[in-house]
Number of protein chains: 2
Amino acid sequence: MKALKSPVTVTTREHILRQAITLFAASGYEGVSMRHIASAVGTSAAALYHHFPDKPTLYLEAIRFAFADKSATLREVMAKETHPAERLYDFIRRFTQMVYADPAFLKLVHRELLDGDTERMKVLVTHVFAETRQILKGLIRELAPDWDETLLMTSIIGLVIHHYETATLRSFLPGSQPGHEDPETVARHVNRFIQHALGIAAPADEWPDGVKV
Amino acid sequence: MKALKSPVTVTTREHILRQAITLFAASGYEGVSMRHIASAVGTSAAALYHHFPDKPTLYLEAIRFAFADKSATLREVMAKETHPAERLYDFIRRFTQMVYADPAFLKLVHRELLDGDTERMKVLVTHVFAETRQILKGLIRELAPDWDETLLMTSIIGLVIHHYETATLRSFLPGSQPGHEDPETVARHVNRFIQHALGIAAPADEWPDGVKV
DNA sequence: GTCTATAAGCAGATAGAC
DNA sequence: GTCTATCTGCTTATAGAC
């Protein structure tokens, strides 16, 4: 068993990682220098090298930290014994909320999808995608056995994510409203879309008159 | 009216832009130096400054070039007078094919969604999103008047795109098959998904037995 | 229109004082 | 554990020859 590090050490390290996450999410690996991170932390670049051997390692630790426990809230979905369709809606809502509440997380995921090498892809799979897709797979098997699992999982995840990866862009497009970013609105829309697609609910009738989702 | 540049000049300029597009798509703006581009073109970095005043301008010209005429094939969809549901499928197929056939294009779009400033976002809107969404909007108005236009457009685009932004990642996931990247397979899957969601076709029956999409 | 040479600055990373 | 100072190499961009 490893000896615990002193509380002060852990805090400094975490402080660095949190600042690094924000900066890397905003500007990418190449767009952030050790000096930038040091400046955000309030220390010198040389001091960072006391905590991390080099920049690639600092980045790897940062995404590990940013991706840690991201499936936790989704895991709770499976603890309930409600109807599968209800659990799927629960999944959609929690997933949408997660993506909405942590824009840095979504940005880092997309940067990894663009730039990740084999090792970093494995971090992404292990910490983020593996359990998320496992949970979703369970729901799909119950609700839509006649669909291709992989294609359907990818579609459902993309259906949610795309609303937030284009959030900045849509402010430049006509017809955009602030409500289109609201996680509850997006979740209801996506849920209606999926339920009708999979033939779970009959079209219309679930939402009050005049509310388009 | 401007005088036409000599053919040789145009070719050199285009040659630079094409190499720049490939490199920027692969490694991002910060990840590519003028020397990298010069090396790919087979010239010196200094020579690039004869064709473009600075790196930001070269990048801007590169994405303008990469995004030029991207809606052309989608425009043809509206020329036909077939049933709207058939035109929507036509749209999905063309769009899927476009995203599949030009991975550099999709990567550049995603890099702009992450890093684009106001000016670059406007390039993205003008060259790529404006007409694509205009075409899609026309189809949606006919087929699904009771849905929120903006939410539904975003969902449909995301439904296609996400299959290809995760293409590299999925090779690290269980259950992935080469067929899941095939544009015809993805288009059929997405089309089935959308048609059922919008209540256009009755579930099942369109595809041969045993083929899951 | 492309070259070599060079300027000025920032990058990652290290040495050694405290 | 953090500092200042520094090394080396790469960055954008320019000057001027050909």
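Since we're looking at a predicted model, the values are computed, not measured. Values reported hereafter were calculated over all heavy atoms of this structure, with side chains retained and with hydrogens, waters and symmetry mates removed. Chain letters run A, B, ... following the sequence lines, proteins first, then strands; residues in each count from 1.
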For the pair made of [atom1] in [X] and [atom2] in [N], what is the distance, rounded to whole Å?
X: B:K55; N: D:dT11; atom1: NZ; atom2: P; result: 9 Å
X: A:R35; N: D:dC10; atom1: CZ; atom2: C1'; result: 13 Å
X: A:M34; N: C:dC10; atom1: CE; atom2: C1'; result: 15 Å
X: A:Y49; N: C:dA15; atom1: OH; atom2: P; result: 13 Å
X: A:R13; N: D:dT2; atom1: CZ; atom2: P; result: 13 Å
X: B:L48; N: D:dT11; atom1: CG; atom2: P; result: 13 Å
X: A:Y59; N: C:dG12; atom1: OH; atom2: P; result: 14 Å
X: A:I16; N: D:dT2; atom1: CD1; atom2: C1'; result: 11 Å

- Side chains of A:I16 and A:L58: closer than 4.5 Å at any heavy-atom pair?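 A:I16 vs A:L58: side chains touch.
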Have [X] and [Y] got a donor and an acceptor in their side chains that come within less than 3.5 Å?
X: A:T185; Y: A:H180; answer: no
X: A:S71; Y: A:R75; answer: no
X: B:S33; Y: B:H36; answer: yes

- Task: Would you indicate what B:V32 reaches in the nucleic acid, counting non-hydrogen atoms under 4.0 angstrom: base, sugar-phosphate, or nothing?
- Result: sugar-phosphate
- Query: Base, sugar-phosphate, or nothing for B:S44, non-hydrogen atoms under 4.0 angstrom?
  - Reply: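 Counting heavy atoms under 4.0 Å across all strands, the contact made by B:S44 includes a base.
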Is the shortest side-chain N/O distance from [X] to OP1 or OP2 of [N] below 4.0 Å?
X: B:T43; N: C:dC3; value: yes
X: A:S33; N: C:dC10; value: no
X: B:H50; N: C:dC3; value: no

- Query: Is it true that B:H162 and A:H162 have ring centroids separated by less than 6.0 Å?
  - Reply: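 No.
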- Minimum-distance nucleotide to A:H51 side chain [options: D:dT2, D:dT4, C:dT2]: D:dT2
- Item | Per B:A47 side chain, nearest of listed nucleotides C:dA13, D:dC3, C:dC3 |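 Closest nucleotide to the B:A47 side chain: C:dC3.
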